[in-house]
Structure formats: structure tokens, C-alpha cells
Amino acid sequence: MDEFSFINSIKQNSYKQPSLVKGIGDDAAVFRSEKDIVTAVDTFVEGIHFSRETMSPFQTGYRALAANISDLAAMGAMPAFYLVSVVIPKTWTLKEVEEIFSGMKELARYDHMDLIGGDTVSGSELSISITVIGLVEKGMARFRHTAQPGDHVFVTGTLGDARAGLHILTDKTSSYINSSYFVKRHQMPSPRSTFAVSLAGIDRITLNDVSDGIGNEANEIAESSDVTITLYDENIPVSDDFQQFPPSFQQEWKYFGGEDFELLGTVAEENWDALARIANDTGTQLTKIGFVSEAEKEPSVYVIIDNRKTRLDKNGYTHLK
């Protein structure tokens with residue numbers, strides 16, 4: 001199969017977004033919008049971000065797009081379009097690459113996203129680069145720099161599940177309770193786009209997606225907003241069966257495991273009840289885990305464990321380590 005035949009095999013026969021003027025078929029796609037446009041791009045490399053040992057091609061595509069949709073959710077944007085460029089080595093068949101696109105398509109249909117372009121080239125290792133485009137009402141994009149003293153700190157869902165799932169997949173010597181749940185949280189996460197878009201009625205809310213662990217994400221908010229964030233360890237939400245793992249793993253994974261693609265955020269006291277109602281209406285688990293205060297000498301994050309306050313520094317995954 002040549003490049004053009006491959007493109008024809010993955011392109012959509014119809015499109016969901018009414019703002020799309022022209023999708024795949026010309027030199028570039030065209031869409032128009034009266035809303036603010038939000039865009040993000042991520043690149044995933046075999047052996048670094050995914051492995052055939054722990055994920056099928058379908059799951060690889062699903063998870064890669066989920067990571068990008070989570071970035072849009074953190075901005076409060078409705079997912080609309082995505083573009084995919086793939087470097088394909090000889091060790092991967094076109095059938096397997098088609099399965100990667102099938103995984104993306106499966107997730108995209110939930111958010112009514114359209115595939116509108118990309119590129120394919122040959123190379124030495126499989127690499128997937130995804131650009132996503134989202135739409136948000138004018139002036140309503142969410143940023144990390146808007147947290148203020150007095151805000152509540154919250155997180156959606158449970159933390160550490162994805163890292164636990166990876167551990168289960170790579171540990172061949174033990175058996176675990178509810179292993180399928182943890183494995184699915186690693187292989188096919190569910191970004192919080194519906195919840196994020198539903199927050200449009202709240203004037204000020206700060207969001208960050210949990211891709212590198214809340215230790216990293218909380219520090220990013222603190223630094224951008226010039227505040228101090230304090231978390232209560234006993235309030236950090238974890239799954240019921242998370243307790244089966246060694247305590248040291250639990251502590252590491254819930255703060256720095258990453259790739260849960262939940263949302264960490266801050267909201268004013270007067271908007272907490274509205275936030276809780278939105279969470280209930282969208283079926284989103286919501287937990288209050290801390291508070292925001294004035295920065296001391298510098299922006300910082302602390303965690304209170306057994307009445308002892310400890311500095312929580314950035315310690316999660318960084319791409320250039």
C-alpha cells in the first residue's frame with residue numbers, strides 16, 4: 001500500500017464538526033469559528049512513551065489521542081479536530097498502523113472529533129505526533145496563572161491508577177486484585193473533556209491535567225500563579241484496591257505516577273458548590289484536597305502527612321531527562 005492508499009484507508013467518509021469547511025483531500029484543511037481556538041501537540045515515540053509489550057496498536061492510538069484531549073480539557077476547550085503525523089519503520093505493518101488510527105477514531109467519536117490531516121513517512125522507529133484543536137467561548141480558556149489565595153484545590157477521579165496498571169503489566173511474578181481496572185486505566189484512560197467544557201459558567205477556575213503527577217502539576221500552578229499550595233495527604237483520592245501495593249509505591253504513584261489524565265485545579269470558595277453540582281451532573285468524582293495561600297519566600301507546594309508539613313517538589317516524569 002502506498003502513502004495515498006493509506007491516507008484513503010484512514011480518512012473519514014463524513015465529518016461531525018459543522019465549522020469544518022474542508023477536511024482531508026487538499027493541501028490543508030479549512031475550518032471557521034467564532035470561538036477562541038486552542039491547540040496542542042504531543043509526540044509519542046516507541047520505547048519511550050509506549051511499548052508493544054504493554055499495549056496493542058489500538059490501545060496505543062487510543063491512549064495517544066487521550067493525552068492530547070486531556071490537554072484541551074485543561075484549557076476548558078471542546079475537542080474538535082486532530083491531525084496525525086506518523087513515522088513508520090519496517091518493523092510495523094500498515095495493518096498495525098491502521099489499528100493505531102482505529103484506536104484514535106474510537107476515542108474521537110465520543111467527543112465528535114474529526115481527523116482533518118497529517119503526514120506519513122518512513123523511519124527507523126515508530127513515532128506518532130498528534131495535533132489537536134479545540135474551541136472555547138471567547139475569553140473563557142483556562143490557564144495555570146489564575147489561582148488565588150483562599151481557593152480550594154481539587155482533583156477529579158483517583159490518582160496512581162495508570163502507574164499501578166503499568167506495574168501490573170510489567171510484573172510477571174505476582175497476581176493483583178482488580179488488575180483489569182488498573183490495566184485499563186493505563187492503556188485506555190478517559191480524559192475529562194465533558195466535565196471541563198461544562199465549567200463554562202464559572203468565571204475563574206484554574207486547571208492542569210494530570211499527565212506527570214499532581215506533584216508536578218501543583219507546582220506548575222503555584223509557580224504560574226505565584227502562590228503556595230498545600231495538600232492534605234489523607235484527602236488524595238485513590239481506588240479501593242490501591243492499598244494492595246507497597247506503601248512506598250502508593251506514595252510515589254499518587255503524587256508522581258502521572259498519566260491518569262485527571263484534572264487538578266483551584267476554585268474560589270463561593271464557586272465550590274457550583275463546581276460540585278457540575279461534577280455530579282457529569283458523573284465526575286470530585287475531591288477537595290487542599291488550599292491556596294499567599295506565596296511565602298517563593299511559590300511552593302506542601303503536603304501535610306500525619307500532621308507534618310513537607311515540601312513537595314517536582315519529581316515526576318520530564319521529557320528531556
Side-chain angles (χ1 to χ4, degrees), residues 38-46 48-51 54-55 59-77 79 82 103-104 107 111 127-134 141-145 147 153-167 182-197 205-224 229 231 236-238 252-266 284-285 287 289 301 312-321:
V38 180
T39 185
V41 60
D42 271 317
T43 299
F44 306 88
V45 180
E46 183 181 7
I48 298 176
H49 302 101
F50 63 90
S51 167
T54 59
M55 285 191 292
Q59 292 162 344
T60 297
Y62 191 105
R63 185 169 173 271
L65 184 58
N68 286 76
I69 293 175
S70 188
D71 286 333
L72 293 180
M75 303 299 292
Y82 66 109
M104 295 182 202
L107 179 58
D111 286 308
S127 176
I128 308 165
S129 183
I130 303 176
T131 299
V132 287
I133 298 168
R142 309 303 184 172
F143 303 105
R144 297 173 184 168
H145 70 263
V153 180
F154 66 86
V155 73
T156 63
T158 51
L159 301 174
D161 293 340
R163 184 60 184 82
L166 178 61
H167 176 79
F182 292 107
V183 167
K184 185 175 181 181
R185 286 277 280 161
H186 172 71
Q187 294 174 332
M188 299 176 68
S190 301
R192 298 293 185 175
S193 51
T194 301
F195 170 75
V197 172
I205 190 166
T206 305
L207 296 175
N208 203 1
D209 86 306
V210 184
S211 55
D212 301 322
I214 62 168
N216 273 21
E217 324 305 354
N219 270 283
E220 289 177 345
I221 292 174
E223 291 166 4
S224 296
I229 290 177
L231 307 176
I236 304 300
V238 296
E252 175 69 19
W253 295 348
K254 70 183 182 182
Y255 287 109
F256 301 109
E259 297 185 332
D260 290 307
F261 301 118
E262 298 293 345
L263 291 175
L264 176 75
T266 79
T284 305
Q285 179 178 335
T287 308
I289 62 172
V301 176
L312 188 65
D313 292 319
K314 287 185 177 180
N315 194 36
Y317 178 78
T318 56
H319 296 276
L320 296 182
K321 269 189 178 179

Given side chain to side chain contact (heavy atoms under 4.5 Å, CB included), test Val301 with Ile221 step by step and report yes or no. CA-CA 9 Å; Val301 176; Ile221 292 174; over 6 Å; no
Name the orientation class of the two ring planes belonging to Phe44 and His49 (parallel below 30°, tilted from 30 to 60°, perpendicular beyond 60°). perpendicular
So Pro191 and Leu65, do their side chains get closer than 4.5 Å, heavy atoms only? no
Asp111 meets the side chain to side chain donor-acceptor pair (under 3.5 Å) criterion, sequence neighbours left out, with Ser193
Leu72 versus Gly134, closest heavy-atom pair with distance: CD2-N, 3.9 Å
What is the minimum heavy-atom distance between Ile229 and Ala222, and which atoms define it? CD1-N, 4.0 Å
Say you draw a straight line from CZ of Phe143 to OG1 of Thr206; how long is it, rounded to the nearest 0.5 Å? 10.5 Å
Quick test of your reading: applying side-chain hydrogen bond (donor to acceptor under 3.5 Å, both in side chains), list the pairs with at least one residue in residues 62-73, sequence neighbours left out, ordered by first then second residue. Arg63-Glu259, Ser70-Asp209
Kindly write out the residues that satisfy side chain to side chain contact (heavy atoms under 4.5 Å, CB included) with Thr54, not counting sequence neighbours, or none if the list is empty. Ser51, Leu166, Leu169, Thr170, His186
Mind listing the closest non-hydrogen atom pair of Arg142 and Ala74 along with its distance? CB-O, 3.7 Å
Please evaluate residues Val238 and Trp253 with respect to the criterion side chain to side chain contact (heavy atoms under 4.5 Å, CB included), reporting the C-alpha separation (whole Å), side-chain torsions for both, the decisive distance (0.1 Å), and the verdict. CA-CA 10 Å; Val238 296; Trp253 295 348; over 6 Å; no
For Ile69 and Pro79, which heavy atoms make the closest approach, and how far apart are they? CG2-CG, 3.9 Å
Go through the structure and list residues passing salt bridge (charged side-chain N to carboxylate O under 4.0 Å, His left out) with Glu217, not counting sequence neighbours. none
Quick check: do Glu223 and Arg144 have side-chain heavy atoms less than 4.5 Å from each other? no
Do Asn208 side-chain atoms and Asn219 backbone N/O form a donor-acceptor pair below 3.5 Å? no
Just by modelled atom types, is the Ala162 backbone N or O under 3.5 Å from a matching donor or acceptor in the Asp260 side chain? yes
Do you know the tightest heavy-atom contact between Thr43 and Ser127? CG2-OG, 3.5 Å
Residues that Glu252 engages under side chain to side chain donor-acceptor pair (under 3.5 Å), provided they are two or more places apart: none
Atom pair CZ/CG of Phe256 and Asp212 - distance to nearest 0.5 Å: 11.0 Å
In short, Ile205 meets Thr266 closest at the heavy-atom pair CG1-O, 3.4 Å
d(Met55 CE, Met188 CE) to nearest 0.5 Å is 11.0 Å
N/O donor to acceptor pairs below 3.5 angstrom from side-chain atoms of residues 153-160, sequence neighbours left out:
residue: Thr156; atom: OG1; partner: Glu262; partner atom: OE1; Å: 2.5
residue: Thr156; atom: OG1; partner: Leu263; partner atom: N; Å: 2.9
residue: Thr158; atom: OG1; partner: Asp161; partner atom: OD2; Å: 2.5
residue: Thr158; atom: OG1; partner: Tyr181; partner atom: OH; Å: 3.4
residue: Thr158; atom: OG1; partner: Ser239; partner atom: OG; Å: 3.3

Could you tell me the separation between the CD1 atom of Ile214 and the CG atom of Leu264, rounded to the nearest 0.5 Å? 6.5 Å
